[in-house]
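I have placed the structure first, in the form of structure tokens, so that the comments after it can refer back to it.
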Amino acid sequence: MSVTTGSAVSSASPDSSASSQVCGDLQGMVKALAEGRVSARQLTERTLERIAAAQPRLNAFRIVRAEAALAEADAADRRLAAGERLPLLGVPLAVKDDMDVAGEPTAFGCAGTFPPKAADSEAVRRLRAAGAVIVGKTQTPELGQWPCTEGTAFGATRNPWNPAHTPGGSSGGSAAAVAAGLVPAALGSDGAGSIRIPAAWTHLVGVKPQRGRISTWPEPEAFHGLTVNGVLARTVADAALLLDAASGPAPGDLHRPAPVSALEAIRRTPRRLRIALSFGMAFTATPKSLDPEVRSAVERLAAHLESLGHEVVPEDPRYGQMGLTFVPRATAGVLELASRLADPELLDPRTHEAVRLGRVLSGRPLQASRRAEAGLQRRVGEVFTRFDVVLTPTTATGPLRIGALAGLGAMATDRAMIAACPYTWTWNVLGWPGVNVPTGFTRTGLPLGAQLLGPESSEPLLLSLAAQLEASGAWEQQWPAGWGAEAQEPPQASEDGV
């Protein structure tokens, strides 16, 4: 496992009375830094200490940038002392290990050796321009393919709510780090639900924005338009702050939506909305069913929306044969990334199978799948002539156990992950926004989520509605036992992880 443990972390405790009070709150950190109640170095030292203590149990990070992060924190303190103010100046944050950070390798969950990158990706560059301290890169499964963050290259990343279970994937490392309070927020990416699934399974707000909202540069688009960069945070306000800071195009981006302000949106109470409650699943030719606990949790959220004055009506979007357009784009994306690796023989056998399929589908089937997108947008988008928002489960089940997909063949893996996660991938084909919001817990205490889905560039509406739900639900006050901002040491799990 390639993790820099950070010998530069001070052995002396930072001012815990200041730093721990704002540990889990991005906006709280920004305010405390601006007011001089805590220094960027104190926050970063505290963050690095918590990461080091949690890493043996959670394994959330692939790389920890201890020395570099402390140097960035010291530079931020000098800027703060000079009176400079930026949206994230001095705040320690993490990014998923499919994003380039200058001076660090980008393994994207793969085994092998990877050269350090010469430059930041555009999303990381924008975080730095906003003043953020990048403390590390978080774990992701191989090329982001699975909803469990596990692999031979780094082991298993575990869920802070129960380490016998996965935090989800593929942004599982970012989700675990935020849910455990190691960082207040993090960037992830979402190609078939890879932000929304781990957000649901770790009790977080997860925002998959409009395609192009956060640049994927140096890729003009990722996975042929399926994958977008987005954010994970404990609160809607923190998610909005990070989304605004990271948003914006690079000159070479293929997708350039008109700017929106997430922070302005969450200050507005939404008008009375007409919401489609959908439990229908797009056709996949594989068996799948909705867990009754998940259905009940989403129905409770629907009732809560009605209590807030919104109209909720059962209605399913008309997905049609959308799956036929997803597979060529996904497997062609795997093929392209795998072809760049120095050690492709180290890839998982299931990845080799995806590569073989990608070779078959990369020609005319891929071209046809891209041409079909506009028609699918019209077909599915018809629902928004009658409704403002679509509400669905984020996943069909609660968090899978660690190892649930281990040792399976490619076909069995696909069937298992579609059965657990059949609701998110459709919005990746369309390129439209979706927001996961927490919906409570299973009887055994595992988190569940629902997604608010909208048409093109509807992030302001979705986030405004999510903020209204949060204000009346106070989900941000619920922490996994022993991992809250007040915790000085990570919890010790029993042998079975419970």
Side-chain angles (χ1 to χ4, degrees), residues 2-55 60-97 99-106 116-138 174 177-178 181-187 238 241-242 245-246 485 488:
S2 175
V3 175
T4 304
T5 56
S7 58
V9 178
S10 171
S11 59
S13 296
D15 180 2
S16 58
S17 64
S19 62
S20 65
Q21 285 175 5
V22 291
C23 178
D25 179 354
L26 178 58
Q27 292 204 326
M29 286 185 179
V30 171
K31 188 171 187 291
L33 285 161
E35 293 174 353
R37 291 187 285 113
V38 69
S39 70
R41 185 175 183 94
Q42 286 174 332
L43 284 180
T44 302
E45 284 183 331
R46 177 66 180 142
T47 296
L48 292 170
E49 287 176 353
R50 288 176 63 79
I51 291 171
Q55 188 65 13
F61 282 83
R62 183 74 182 256
I63 292 171
V64 179
R65 306 178 65 249
E67 294 182 10
L70 290 172
E72 291 173 15
D74 288 341
D77 280 331
R78 291 191 290 272
R79 297 168 74 180
L80 287 162
E84 187 173 355
R85 296 295 180 265
L86 293 169
L88 301 173
L89 186 54
V91 176
L93 296 173
V95 302
K96 184 178 178 180
D97 192 28
M99 301 178 192
D100 294 343
V101 174
E104 308 292 349
T106 300
K117 295 294 183 177
D120 293 330
S121 66
E122 178 65 13
V124 174
R125 187 197 70 77
R126 287 181 176 272
L127 292 192
R128 290 194 194 278
V133 174
I134 309 300
V135 295
K137 304 184 74 180
T138 58
S174 288
V178 176
L182 308 184
V183 290
L187 290 186
D238 285 355
L241 174 57
L242 187 56
Q488 299 302 306

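Since this is a predicted model, take the numbers as computed values, not measurements. In what follows, every heavy atom counts, from backbone to side chain, and hydrogens, waters and symmetry copies are set aside.
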So, do [X] and [Y] sit near enough that their side-chain heavy atoms are less than 4.5 Å apart?
X	Y	result
Thr138	Val183	no
Val135	Leu93	no
Val178	Pro184	no
Leu88	Val133	no
Leu33	Leu89	no

Look up atom [atom1] in [X] and atom [atom2] in [Y], then write down how far apart they are to the nearest 0.5 Å.
X	Y	atom1	atom2	result
Ile63	Ile134	CD1	CD1	13.0 Å
Thr106	Asp100	OG1	CG	4.0 Å
Arg46	Gln42	CZ	CD	12.0 Å
Arg78	Ser39	CZ	OG	12.5 Å
Leu182	Ser174	CG	OG	11.0 Å
Glu67	Leu48	CD	CG	10.5 Å

Side-chain donor/acceptor of [X] to backbone N/O of [Y], under 3.5 Å:
X	Y	result
Asp97	Lys137	no
Asp238	Asp25	no
Asp77	Ala40	yes
Arg79	Arg85	no
Glu104	Lys117	no
Gln55	Ala52	no

Lys/Arg N to Asp/Glu carboxylate O, Arg41 vs Asp74, below 4.0 Å: yes
Arg128/Glu72 salt bridge by N-O under 4.0 Å criterion: yes
Nearest atoms (heavy-atom pairs only) where Leu26 meets Ala185: CD2-CB, 4.1 Å
Heavy-atom pair with the smallest gap, counting every atom of Ala186 and Leu242: O-CD2, 3.6 Å
Step-by-step side chain to side chain contact (heavy atoms under 4.5 Å, CB included) determination, Val101 to Val95: CA-CA 9 Å; Val101 174; Val95 302; 3.8 Å; yes
